[in-house]
Amino acid sequence: MKKYTLSSPVTRSHIDYQADLNSQQYEVVTAGDGPILVVAGAGSGKTRTLTYRVAHLLDRGIPPAGIVLCTFTNKASREMLARVEHLVESNVRQVWGGTFHHLANRLLREHCTQLGYSEGYSILDQEDSRELMAACIAEREKNGPKRLLPRAAVLIEQVSFASNTQTPLDQVILKRAPALVPILDDILAIARAYRKRKQANQAMDFDDLLTNLKELLSEHTQVATEVSERCRHVLVDEYQDTNSLQCDIIDLLAGVHGNLSVVGDDAQSIYGFRGANPGNMLGFQERWPQTQVYKLEINYRSTPQILQVANYSIRHNHNQLEKQLTATRPPGPQPALVLVKDTEMQAAFVAQRIMELAGEGVPLDEIAVLYRAHNHSLQLQVELTRRSIPYIVRSGVRFFEQAHIKDVLAHLRLLENPLDELSWLRVLKLQPGIGRTTAWKIWEQVRQEPKPLDFMIHGYPSEQLPQRGRAGFRRLQQTLAKMSHEEVRGHASLAIQSLLEQGYRKLLPNLYPNSESREEDIEQLAAYSDHYDDLRTFLAELNLLSGFTTEEVLGGTRPEDALVLSTVHQAKGLEWKTVFVMCLNEGFFPHPWALNEADGDEEERRLFYVALTRTMNELYLITPLVADRSGQRRVLMKPSRFLTEIDLDDMLERWNVEES
């Protein structure tokens, strides 16, 4: 039989790259093949540059399916690819865009059998992982030495850090949690049991997606070559935030062709506590000797006065890729160093100044108050409430971590993976009269069957259950039977509606407060699921999107005209017209815990740099002279080293705040 191959049509965008980009951006966008390192300063148009580079690759004739775009949020990937599609006026859905976990899941779905997994494996979110770890801890407590063991969340954090930094768990415990060293043998045994339980359940947590992908690419040469040949150009956003595991995966993906473009700002690498390693960026040229280095130093966000302070501050870091941000905007007001008596006066100053700015026409949602830790804002929140100034705090319950949403997802997961232990236990315990012990007994029997879901629906005798649990169990059987119908089970929206109609709607008022709003959430989830072709894809995406808020996922908006309170970590990537940075004192910012880490002072200075570069027009740096401590003590505070490192006389305007 003759083989005939269809080639993808080449699309020309007719973009005037030189007119749309500045000279630095143009060099990056039009750079040729090979490894490329882009040092992109704050506010320099990094996203625009990366978007145009993808468009330029398409203009060069690179097929969309040969381009991989790695980002840290699926939202960022969608927005960039939407811009690309607008630029080239073609369908770019074949571009491999998404987070590292998204891309890992996509590749593992194709090749996971090489690692002993089925294609229908489950993905555990954070709560699922904690439950499974808790079960392993309980088993150790029952069968092992009688010792006080840590909670599941504590061990999950250490195991995750070990996976992402590729560090043996015992070394992680020794460095990050030395108090746990006396029970290290128990911890290692629990970690082994946790790993075995996941494999037995055909489930992976988020860390497994990456570790398994690296194993696939490292130890299965034929698969690695095939994947790398498909990924003809690999582009990575926010490269300074990658950990060692992500770094290795990216290098493996680009291993055949070497066409690797990474974009980031080492001066904004602030997630060391999560395992992010700025050394990935600093050492890029050593791993890729043919690297072309480009710098984006033209800043479109801030005034020259603000950039002067930022440039001067970050210069004190020794381990960095040097750059000098230059402003395109005209001069503005001098940044202010605000000296206040104590933290109470600090709160009063911030609140009063915000009211003055609002009176001058600055919208509240264009103002942010940043701090190193959330507890630094307690007095301010009281003061804002007293003055009736609306505000939002950039933190809260994640949409997919809400209990009622997790209930729905547990039902859906059983349709795809009937060996999902955690989903069975969650679904069973929702039924009146069925507690953990009874749920466990049911699961132990169901797991032995060749077709667990069919056995649960048609074969499990409800008479074996306690009397008070039989009615709920029969309703569950009916619900799963309806959801399993061929015309329903492959479509998430139909399956969710079937779940509501078969009994979950009636269960909601007995399970949770605010049942009406929770039902609306589920209805919106069902509508959202219509964007996906099948249930498997929907479930995978939902698990990978579990960090999104309700507004981000369902397209809503945040409250209008509200002041933003945020830690600096959560403010990264955002901008406001006016920014206040509070508690700039030794012991507050830098944080004392961070200073115990190697190069901790440099990461804290990078964090200060991020805070400085969030503002467009006005910047207030506030340092209290006195702070309250426990036991009604008041202690004198030293100004932060990040203030004393700046030329205070030339760069900052001093404001001495006095009580009227």
Side-chain angles (χ1 to χ4, degrees), residues 122-143 151-153 156 190 193-194 196-203 205 401-484 495 498-500 502-512 518 539 543:
S122 296
I123 301 175
L124 307 180
D125 65 14
Q126 292 180 352
E127 185 178 332
D128 294 331
S129 299
R130 284 194 296 268
E131 276 203 46
L132 191 59
M133 181 66 79
C136 296
I137 293 171
E139 184 178 1
R140 183 69 177 178
E141 288 175 332
K142 179 180 178 181
N143 301 320
R151 292 183 176 183
I156 284 289
I190 292 167
Y194 175 65
K196 290 178 181 178
R197 292 279 280 272
K198 287 186 292 182
Q199 292 171 341
N201 293 341
Q202 286 288 297
D205 61 21
E401 293 174 358
Q402 296 179 101
H404 55 295
I405 298 298
K406 291 182 69 63
D407 293 345
V408 174
L409 295 182
H411 285 83
L412 298 181
R413 284 175 181 168
L414 294 179
L415 303 182
E416 270 297 299
N417 180 14
L419 288 173
D420 190 329
E421 173 187 356
L422 296 176
S423 292
W424 275 120
L425 294 177
R426 186 180 191 98
V427 166
L428 287 165
K429 288 189 293 182
L430 289 174
Q431 314 312 316
I434 297 181
R436 182 175 184 83
T437 301
T438 302
W440 181 261
K441 290 179 179 178
I442 296 171
W443 158 247
E444 283 293 294
Q445 190 169 346
V446 168
R447 71 189 303 180
Q448 307 299 326
E449 298 296 324
K451 294 184 177 180
L453 186 60
D454 289 345
F455 176 73
M456 173 65 82
I457 295 171
H458 303 293
Y460 195 98
S462 60
E463 293 76 19
Q464 291 185 10
L465 302 180
Q467 183 67 41
R468 57 192 299 268
R470 293 176 187 175
F473 183 81
R474 293 191 187 105
R475 279 198 302 270
L476 175 61
Q477 288 178 311
Q478 295 169 1
T479 298
L480 292 175
K482 292 287 186 180
M483 294 177 70
S484 298
S498 179
L499 172 62
L500 282 172
Q502 292 301 313
Y504 189 75
R505 180 179 282 114
K506 293 181 180 179
L507 275 178
L508 267 174
N510 296 325
L511 292 171
Y512 308 112
R518 292 175 187 264
L539 285 175
N543 280 286

| query | Would Q448 and Q445 count as a side-chain contact (heavy atoms from CB on, under 4.5 Å) if you check the C-alpha gap in whole Å, the side-chain angles of each, and the deciding distance to 0.1 Å? | reply | CA-CA 6 Å; Q448 307 299 326; Q445 190 169 346; 5.8 Å; no
| Does a donor on one side chain sit under 3.5 Å from an acceptor on the other, for S462 and R474? | yes
Going by heavy atoms in the side chains, are [X] and [Y] under 4.5 Å from each other?
| X | Y | result |
| --- | --- | --- |
| L476 | H411 | yes |
| P450 | F455 | no |
| M456 | I442 | yes |
| L499 | T479 | yes |
| W440 | E421 | yes |
| T438 | L428 | no |

| request: Mind telling me whether Y460 and F473 have parallel, tilted or perpendicular rings, with 30° and 60° as the class edges? | output: tilted
For [X] against [Y], the heavy-atom pair lying closest together:
| X | Y | result |
| --- | --- | --- |
| M483 | L415 | O-CD1, 3.8 Å |
| D420 | L414 | O-CD2, 3.9 Å |
| I434 | A439 | CG2-N, 3.9 Å |
| V427 | Q431 | O-NE2, 3.0 Å |
| A410 | S423 | O-CB, 3.6 Å |
| P418 | W443 | O-CZ3, 4.3 Å |

Return the [atom1] to [atom2] distance between [X] and [Y], rounded to the nearest 0.5 Å.
| X | Y | atom1 | atom2 | value |
| --- | --- | --- | --- | --- |
| R130 | D125 | CZ | CG | 8.0 Å |
| N417 | Q202 | CG | CD | 7.0 Å |
| L430 | Y504 | CG | OH | 6.0 Å |
| S498 | L480 | OG | CG | 9.5 Å |
| I137 | L132 | CD1 | CG | 10.5 Å |
| L124 | L422 | CG | CG | 6.0 Å |

| Who pairs with E139 by side-chain contact (heavy atoms from CB on, under 4.5 Å), at least two apart in sequence or on another chain? | N143, R197
| task | Begin from the C-alpha positions of L465 and K441 and carry the test side-chain contact (heavy atoms from CB on, under 4.5 Å) through to its verdict. | result | CA-CA 10 Å; L465 302 180; K441 290 179 179 178; over 6 Å; no
| Taking R475 for the side chain and Q502 for the main chain, is one N or O donor matched with an acceptor at less than 3.5 Å? | no
| Checking R436 side chain against K429 main chain: does a donor-acceptor pair fall under 3.5 Å? | no
| query | Taking everything shown except K198 itself, do over 12 heavy atoms lie less than 6.0 Å from its NZ? | reply | yes
| query | Is any NZ, NE, NH1 or NH2 atom of the basic residue among D128 and R426 found under 4.0 Å from an Asp or Glu carboxylate oxygen of the other? | reply | no
